[in-house]
Every structure is written in C-alpha cells, then in structure tokens.
Amino acid sequence: MSAARPPHDDEIDLFGFFETLWDGKWKIIATTFVAALVGVAFSLVQPNSYQVSTSIQTGDQSVFLKYTSINALLKKEGLLFDGETNPNGYRIDSDSIFEQFVVEFNDYEEMVDALSSSEYVQEAIKNLDEIDKQGVLIAFAKSFELKAPTKNVENWHLSFEWHDDLEGRQLLKDAILKTLVNIRNAAKENIDVLATAVDTRNSRELESLHNEMSLIENKQMGRDKKRIQYLIEQSAIAKELGIERNKLDPNGLTQSSENGISLSFNSIDVPYYLRGYKAIDKEIELIRNRTQEQMLLSADNYLELKEKVVSLENDLASSQLRDASKTIEIDNPNDWIEFDMALADSKSQRKSKLYVALSIVSGGMIGVLFVLVSNAVRKRRERLAKA
C-alpha cells in the first residue's frame, strides 16, 4: 500500500509568504528598477503637448479717440451703427472692433494662414491633396479657441493645445495680428464705401434739385411771356386811346357818397391800360431785360431749392470720410485689443510622474509575482525529487 498523503493545509502561511518575498527582494527591486527605467523612457519618447491660456479684452478707449470725429460724422449722416435704430450702420470704437475681432477670428481663415508657415504643419500635410490639406489645417486651427466669458471666468480667453509651447504662442500671436490687420482693412473699405455712398446720394439729390429748378425756370419763363403778352395788349389799347400817362386817381378808388356810403373799387377791376402806355412799355422793357437769376428770384420755392443746392455742393462729408479712411490705413491695429502672450498660463500635458509611478507599481507587482511563481516551482521540483 502506498503511504497516505498528508491532508491539504488550507491555512495561508503569512510568515512563509513574506519570507519568500524577502529572499527574492533583490529580484523584486531589480524588476521594479527596470520597469521604472522603461516608464521614464516611455514618458520621454511620448509626444508632449501644452495647454496654454491667456485673457483677451477690448482695447483701451483712448486708442479710439482719434475716431471720435468720424463717429460724429457718421451720426450726422445717419450712418452710425445702433443696434435698435440703425443695425446696418457702422461705428469705430473698442466694443465694435472687438465684436468684429470675435467674428473674424472664429472663421479660422487667419489661423489657417498662420499655421501654414509652421514646419510641423507643413510636414503633416506634405503628402496630402488640397482637400485633405485644408481639412487638416482646419483641424489644427480648431486647437486654437476664443472662449466667451462664463459665470466663473469674467473675461474672454484665448486657449490652445500645441506640441511646442513657444511655437504655439507665436502662431496664435501671428493669427491675432493678421486678424486685426484684416479688420483694419475692412474698416477702411467700409469707410470708402460710405464715402462713395454719400457722393452718390448727394449727386442724386443735386440732380433732382436741378430738375426741380429747371421746371421752376420753365414755369417762370411761361409766366413772364404771358405777362408780356398781356402788357403789350394793354399798351396798344392805351396808345389807341391816347393815354400816355397814368390816369388813375388813388384817392378816387375809394369815395364816399352823399349819404355816407363808402364806394370801394378793386384795383383788379380797373383797366390796366389806364396806367398809360409809358408805364406799361417800361414794365415790358424791365421784364425783358431781367437776367435769368433775376427772373428766378420771383419764382416760388426757388430760393429754398437754391439753398439746398449750395448746401449739397459744399457738403464735406465724403471728403471727411476719405480723410478718415487714410487715418485708418496708417493706424497700427495692434492696440485695438489687449492681450499678452508672455502672461499666458501654460501646462504640460505630458504625464511623466504618472507614467513612472505606474511603471514602478507594475514592476513591483511583476517582481513579486515572479518570486512567488519561481519559489512555487522550486518547491514542487523538490517534492517531486524526494518522491
């Protein structure tokens, strides 16, 4: 008969467990050390990126003091932007420029332009077709964000994640400056368009006024011809009757009867030829010898129209707008908004400590497991050898 096997011992021998680990401590330490080196090497070769954020806000209002007269002119001409009364107008101040900056920056055009100069980006898109290149560039551009204020953050913020902190800052700065230049160019173009619009409006109004004045002139010429014809006829009657001089008695136009009743005669009812052909012929001569200006002075509404024409002909709005356009053209837009990339917060996205810590833990566990397994295998071999 074979010898009876001893019953299995289900109790865990903690002392034996720790004794085994202690005997294999150098193996555990060596495994942990090697794993730590692997973790360090992995963290070093792992591509790093940086999360950078900086505040951005409207430029100082003093920067836009030079445009106060332009805004006043726009208001006078009814061209000043107002969200309620004139949403299609225009305005140059810190708030309106910042609003334009937000819209312009978020179309990614300037950011894509700035990214195109990066060697890193050029390497990433060099083997792509044009459509894929544009897609990759836009994807890169979306890494640079302009964030609106929130409950927890008071100001607008620019943030980006990029593999190189300094390059990312420079790319963002380049995109911002390109955006501001485009805003300046757009502002100049808008002012030029407004100046042209003012010229066109004034030209149309002048044309309309000149047409009205021409109609007034024709009407007045017709009235004068009609008047001269009437006077010629009256002069002929006076000459036929031998009435050379005025036969009208002003005092005789209003007489009192013997019974006290007043007899009044309207001068319109009195024949004009009674004035005498001398006076009538003189009136005809004076009318015929009038200059055009003298003729029009007696026309209805002529003086009002003339004043409007003179006012439009001397309107300086368009020339002032063009002067403003030149001011914008030579202005440096870099101060139109306030930001400072040197003050930006930067955080590395590389988790080196985490990688090393995980490596050490993993190495230690592997070492412990190796020692325990190798010890169990050794004991089994010893039992088999004794059997």
Side-chain angles (χ1 to χ4, degrees), residues 58-59 61-104 179-225 287 290-333 335-336:
T58 60
Q61 193 60 42
S62 62
V63 175
F64 298 94
L65 288 177
K66 63 176 75 71
Y67 298 116
T68 302
S69 59
I70 300 175
N71 291 327
L73 176 61
L74 292 172
K75 183 176 182 180
K76 176 184 175 183
E77 295 296 322
L79 301 171
L80 185 68
F81 169 82
D82 187 285
E84 296 181 358
T85 61
N86 190 16
N88 295 322
Y90 196 73
R91 186 179 66 207
I92 304 178
D93 59 16
S94 59
D95 291 333
S96 63
I97 291 297
F98 192 81
E99 290 172 5
Q100 294 176 59
F101 173 80
V102 172
V103 174
E104 188 74 16
T179 302
L180 291 173
V181 169
N182 286 344
I183 292 173
R184 181 191 64 186
N185 294 341
K188 177 187 182 305
E189 182 177 348
N190 288 335
I191 294 298
D192 287 337
V193 169
L194 292 176
T196 301
V198 170
D199 279 338
T200 302
R201 181 199 65 189
N202 289 352
S203 178
R204 290 176 178 174
E205 290 186 11
L206 280 171
E207 183 178 0
S208 177
L209 290 172
H210 283 306
N211 287 336
E212 288 186 50
M213 293 177 68
S214 179
L215 290 174
I216 290 175
E217 182 179 354
N218 291 334
K219 289 180 180 180
Q220 188 61 35
M221 288 176 64
R223 292 192 188 98
D224 286 353
K225 288 180 179 180
I287 292 175
R290 285 176 183 171
T291 63
Q292 183 182 28
E293 188 70 18
Q294 290 171 337
M295 175 190 70
L296 293 173
L297 285 175
S298 59
D300 296 335
N301 299 326
Y302 172 77
L303 289 177
E304 295 178 7
L305 293 176
K306 185 67 176 177
E307 289 176 358
K308 291 180 180 179
V309 169
V310 172
S311 176
L312 286 174
E313 289 177 343
N314 292 278
D315 186 9
L316 300 177
S318 62
S319 62
Q320 290 173 338
L321 286 171
R322 288 189 170 87
D323 289 340
S325 173
K326 294 177 182 177
T327 301
I328 294 173
E329 185 177 15
I330 63 176
D331 195 7
N332 183 0
D335 296 328
W336 285 9

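The CD1 atom of Ile287 sits 13.0 Å away from the CZ atom of Arg223 when rounded to the nearest 0.5 Å. To the nearest 0.5 Å, atom CZ of residue Phe64 and atom CG of residue Asp331 are 8.0 Å apart. Rounding to the nearest 0.5 Å places CG of Asp95 at 13.5 Å from CD1 of Ile92. Taken from NZ in Lys326 to CG in Asp192, the straight-line distance is 10.0 Å, to the nearest 0.5 Å. Residue Thr200 holds its OG1 atom at 11.5 Å from CD of Glu205, rounded to the nearest 0.5 Å. A distance of 4.5 Å separates NZ of Lys188 from CD of Glu329, quoted to the nearest 0.5 Å.
Looking at heavy atoms from C-beta onward, Arg322 lies in side-chain contact with Asp199 at the 4.5 angstrom threshold. In this structure, Leu80 and Asn71 have side chains that are in contact, with non-hydrogen atoms separated by less than 4.5 Å. The shortest side-chain heavy-atom distance between Met295 and Gln292 falls under the 4.5 Å cut-off. By the 4.5 Å heavy-atom criterion applied to side chains, Phe101 and Thr179 are counted as neighbours. Here the side chains of Asp323 and Thr327 are not in contact, with every heavy-atom distance at 4.5 Å or above.
A donor-acceptor pair under 3.5 Å is absent between the side-chain atoms of Ser325 and the main chain of Leu321, judged by distance alone.
With sequence neighbours excluded, no residue forms a salt bridge (Lys or Arg N to Asp or Glu O under 4.0 Å) with Lys76. For Asp335, the salt bridge (Lys or Arg N to Asp or Glu O under 4.0 Å) criterion is met by no residue, not counting sequence neighbours. The salt bridge (Lys or Arg N to Asp or Glu O under 4.0 Å) search around Arg91 returns Asp93, not counting sequence neighbours. Residues passing the ring pair (Phe, Tyr, Trp, His ring centres under 6.0 Å) test with Phe98 are Trp156, sequence neighbours excluded. With sequence neighbours excluded, the residues forming a side-chain hydrogen bond (donor to acceptor under 3.5 Å, both in side chains) with Ser94 are Gln61, listed by chain and number.
Asn185 and Glu189 form no side-chain donor-acceptor contact under 3.5 Å, judged by distance and modelled atom types alone.
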Test side-chain contact (heavy atoms from CB on, under 4.5 Å) on Trp336 and Arg184 and set out the steps. CA-CA 9 Å; Trp336 285 9; Arg184 181 191 64 186; 3.8 Å; yes

Go through Val193 and Thr196 one step at a time and tell me if the side-chain contact (heavy atoms from CB on, under 4.5 Å) criterion holds. CA-CA 5 Å; Val193 169; Thr196 301; 5.7 Å; no

Residue pair Asp224, Arg290: steps toward the side-chain contact (heavy atoms from CB on, under 4.5 Å) verdict: CA-CA 10 Å; Asp224 286 353; Arg290 285 176 183 171; 4.0 Å; yes

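The local environment of NZ in Lys66 is crowded, with over 12 non-hydrogen atoms from other residues, nucleotides or ligands closer than 6.0 Å.
Scanning all heavy atoms of the two residues, the minimum distance from Thr68 to Leu65 falls at OG1-O, 2.9 Å. Summarising the geometry of Ala324 relative to Ile191, their closest heavy-atom pair is CB-CG2, 4.4 Å, with the distance given to 0.1 Å. Between Val198 and Ala317, the shortest heavy-atom contact is CG1-CB, 3.9 Å. Residue Ala299 comes nearest to Ile216 through the heavy atom pair CB-CG2, 3.4 Å, listed as atom of the first residue, atom of the second, then distance.
Residue pairs meeting the side-chain hydrogen bond (donor to acceptor under 3.5 Å, both in side chains) criterion with at least one partner in residues 303-317, sequence neighbours excluded, are Asn202-Asp315.
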